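For reference, the structure is listed below as structure tokens.
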Amino acid sequence: MKHLLRLFLLCILLFGYTAAQAQGKISGKLQDAITKQPVGYATAALLSGRDSAIVSSALVDGDGSFTVAPVAAGRYHLKISFVGYATRVVPNVEVSAAVPSVDLGVIAMRSASTQLKAVEVVGQREQVEYGLDRRVYNVGQDLSTVGGTAVDVMQNVPSVTVDQDGSVSMRGSSNITILIDGKPSALSGLGLDQIPASAIDRVEVITNPSSKYDPSGTGGVLNIILKKEKQRGLNGVVSANAGMGNRYNSSLNLNYRLGKLNLFTNYDFRQDWRKGTGSLFRTNRPAGQEVSLQQQNSRNSNLNRNHNIRFGADYQLTETQSLTGSVLYRNGIRENEGSTFYEFLGQEGDLDSTSTRISQGSESRDLWEYSLSYRKTFAQEGRELTADAVFNHEYEPGEDAFSQYFFNPDGSPSAFRPSLLQRNKALEREREFSLQADYVQPIGEKGKWEAGYRSTFERSDVDVQATDLNPETGRFENSVGRTNHFLYDEWVHAVYGNYGNAIQKFSYQLGARLEQTNIITDQITQSRRNHRDYLNLFPSLFLTYEFSEEQKVQTSYSRRINRPWSGQLNPFLDISDLYNQRQGNPNLNPEFTNSYEFNYLRFWTHVTATAGVFYRHMTDIVQPVRQLLPGAPGDERQITYTTFQNIGQGHSYGLELTGTATLTPWWRLNMNASGFKYTIDGTEQGLATNSRLSWTSRLNSSFTLPYKTEVQLAVNYRSPTATVQGERSAFFMTTLSARKEILKGKGNIILRVQDLFNTMRFNATSFGNEFEETSRYKPQSQLVYVGFSYRFGNVTQKKERGENEGEMPNGPEREGEGN
């Protein structure tokens with residue numbers, strides 16, 4: 001720890017010097033040409049008077065004022081861009097030694113609204129915005145997520161796919177890092193189905209992050225940005241949605257800004273009840289025994305009810321220092337019930353026996369998260385120091401009851417296997433603390449140093465008290481095979497440094513991150529304690545060449561890690577499901593990935609497109625591996641055993657295309673397609689090498705109709721994908737949505753039909769040396785939602801006009817910023 005702190009201080013000393021800077025600056029103030037109100041949060045880009053190359057840029061403050069600095073002597077054009085307004089160019093701005101500071105005064109901005117045959121088209125943020133290192137998906141423009149959760153949001157995010165369990169993958173890899181507002185959060189650990197879509201402003205997809213980011217997640221980073229109002233005075237949005245089948249959700253977002261103080265609060269309520277049906281057919285070929293067959297059919301239903309409330313404040317301590325604090329509280333319950341019917345068959349399909357398992361369970365969740373952020377800016381434009389501290393703790397008590405009955409082929413109760421009555425009482429406690437500091441130092445006109453330190457601690461405490469009914473005494477007694485108390489502690493300390501600069505049209509960034517990881521697992525029930533330590537270096541490199549303001553290419557490299565989580569490391573043998581037992585592996589090594597990308601970005605007047613090729617090489621891949629346990633001769637009730645292993649290696653490579661097009665003033669398209677070949681080599685573990693060419697595609701078509709109505713059609717397809725022991729089948733879903741603006745633009749009525757053709761289903765095949773298995777699952781996915789939202793307060797700057805700090809504007813002006 002001391003060595004890492006010394007290394008961090010050394011980085012700050014090395015990166016903290018100030019290079020000679022240019023002395024000039026250009027300032028002004030933006031104002032709406034009609035209302036005379038300030039136009040805040042636009043982008044001011046300074047272009048070279050010689051070749052129109054971007055020299056510098058600045059984000060306009062909320063009061064409309066801006067300053068571009070430092071600026072060397074010369075002649076420039078100032079380009080101001082803001083969605084909803086026509087782009088404004090101020091030509092021939094001269095900076096000289098005699099006049100180093102140029103004040104352009106008030107600059108009038110005119111609305112980009114147009115009238116076309118009674119169809120009013122108002123400028124708004126694009127649903128997908130582009131940078132070379134990321135894509136930004138604006139949730140507010142997607143009607144197909146109304147009434148849903150972050151899972152529904154991810155279904156439409158470029159490069160991302162979601163499976164039946166709500167697990168997210170990017171380009172075939174499920175090992176990704178999910179951040180909330182740029183930081184790890186307990187919300188992301190709860191599962192994406194627990195985050196309401198109404199709370200999300202946008203999602204950033206970063207497929208090849210720089211060394212500034214935590215390298216966890218070999219597939220990349222998803223950064224979920226929550227909504228936060230930036231206008232002055234009291235503002236708010238209230239919404240309510242109802243769906244078929246007892247589904248409800250509502251939200252209230254309030255913001256009050258006065259002088260140096262900004263207060264904000266968000267409340268969300270969600271009730272979701274879903275059903276599903278599944279089936280499984282397995283052929284067992286145990287060595288030295290006869291072939292047997294097993295058929296399973298299951299039904300399940302799940303009820304989730306959650307309340308989220310978040311409140312906080314921003315305070316401007318001085319002109320250069322600000323402080324932000326927030327508290328999040330979450331209360332939720334889960335209730336589930338299900339039944340599974342087993343049929344055990346001989347080789348010829350003759351019925352040997354049957355079994356029925358019924359389960360009921362409930363769980364409550366209480367989560368508190370506290371965060372504090374500090375930001376300091378300096379006179380030198382772009383120089384900044386930030387620090388963040390986040391602490392959260394979660395308390396989850398739950399109970400489950402299981403009943404299993406065994407029958408002869410004629411349906412009579414089995415005399416050889418008495419019924420099982422089982423109960424579980426579980427208490428799960430989570431704690432996590434993180435501390436982070438980042439420093440940015442501009443060097444000259446285009447150079448920049450970045451350095452930072454991050455330390456995290458995470459503890460997971462899972463205590464399961466399991467009992468079985470003793471038929472002789474009539475009492476529930478401790479179940480040795482299921483009672484389990486497990487502790488998981490993880491410390492990660494990291495320092496990083498990045499340097500970037502530009503030489504004419506060529507720019508580069510190189511960096512490295514050094515991380516020390518310490519993990520202790522303590523299986524208290526079995527007195528098995530394990531300690532793992534490793535120190536790793538994670539370099540990154542980005543090279544960019546700008547042919548013009550509208551066309552550029554980038555190539556990048558980064559190294560990433562996937563650390564095994566507590567459930568994969570727990571060595572306790574879980575026999576809760578008699579026929580499918582599971583056990584963790586405390587000796588797992590982390591998985592590493594070397595990621596390479598080449599991207600091309602092109603802007604036209606009404607079309608934006610990116611094309612990229614990527615290659616990833618993975619070592620020590622962590623995968624669940626199933627095998628058939630030896631059973632008694634002639635017993636068709638075979639048991640599978642699943643544990644986690646480090647598979648030798650794997651690789652994936654592919655091509656991805658993303659584009660947006662405004663075909664007419666009333667028709668917009670967003671498209672994404674990705675094709676990749678994913679190969680896993682499991683020969684070291686006696687498994688076959690599995691490989692498959694897969695592809696995903698999504699199309700989002702939006703139509704602006706008369707009478708302030710918008711219709712959106714979203715289509716999502718994923719081809720079959722490979723796993724280490726099989727493959728997942730194709731996935732297809734279509735969603736149709738409509739929105740009608742009412743109450744002079746303050747209100748909206750929304751209708752959404754999810755899975756229009758009821759095609760969503762998840763099928764899979766898997767195989768081992770002694771078994772083959774086919775499974776199917778059909779969730780209740782065809783749903784209808786009706787919603788209403790109302791915006792009140794200061795709505796002068798409505799229409800999704802980039803009110804959030806750190807907004808990525810349209811076009812290439814965003815390029816050149818650091819991660």
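Keep in mind the model is a prediction, meaning the values are calculated, not measured. Side chains are part of it too, since the values below use all heavy atoms of this structure and drop only hydrogens, waters and symmetry mates.
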Checklist entry - Just checking, any donor-acceptor pair under 3.5 angstrom between side chains of Asp314 and Gln316? => result no
Next on the checklist: Is it the case that the side chains of Ser701 and Trp667 hold a donor-acceptor pair, with the cut-off being a distance below 3.5 Å and no angle test?
Outcome noted: yes
Next on the checklist: The criterion is side-chain hydrogen bond (donor to acceptor under 3.5 Å, both in side chains); which residues satisfy it with Tyr267, sequence neighbours excluded?
Outcome noted: His307
Next on the checklist: So which atom in Leu372 and which in Gly325 form the shortest heavy-atom distance, rounded to 0.1 Å?
Outcome noted: CD1-CA, 4.2 Å
Checklist entry - What pairs with Tyr315 under ring pair (Phe, Tyr, Trp, His ring centres under 6.0 Å), at least two apart in sequence or on another chain? => result none
Item to check | Donor on one side chain, acceptor on other, Asn308 and Asp268, under 3.5 Å | outcome: no
Checklist entry - Using a distance-only test with no angle check, is there a side-chain donor-acceptor pair under 3.5 angstrom linking Asn672 and Thr658? => result yes
Item to check | Least distance between heavy atoms, Gln554 atom then Phe542 atom | outcome: NE2-CD2, 3.5 Å
Item to check | Val238: side-chain contact (heavy atoms from CB on, under 4.5 Å) partners, not counting sequence neighbours | outcome: Leu252, Tyr790
Checklist entry - Cut-off 3.5 Å, side chains only: do Asn498 and Tyr496 have a donor facing an acceptor? => result no
Item to check | Geometric cation-pi criterion, Lys376 with Tyr374: 6.0 Å, 45° | outcome: no
Item to check | Donor on one side chain, acceptor on other, Gln551 and Tyr600, under 3.5 Å | outcome: yes
Item to check | Residues Glu546 and Gln504: side-chain donor-acceptor under 3.5 angstrom | outcome: no
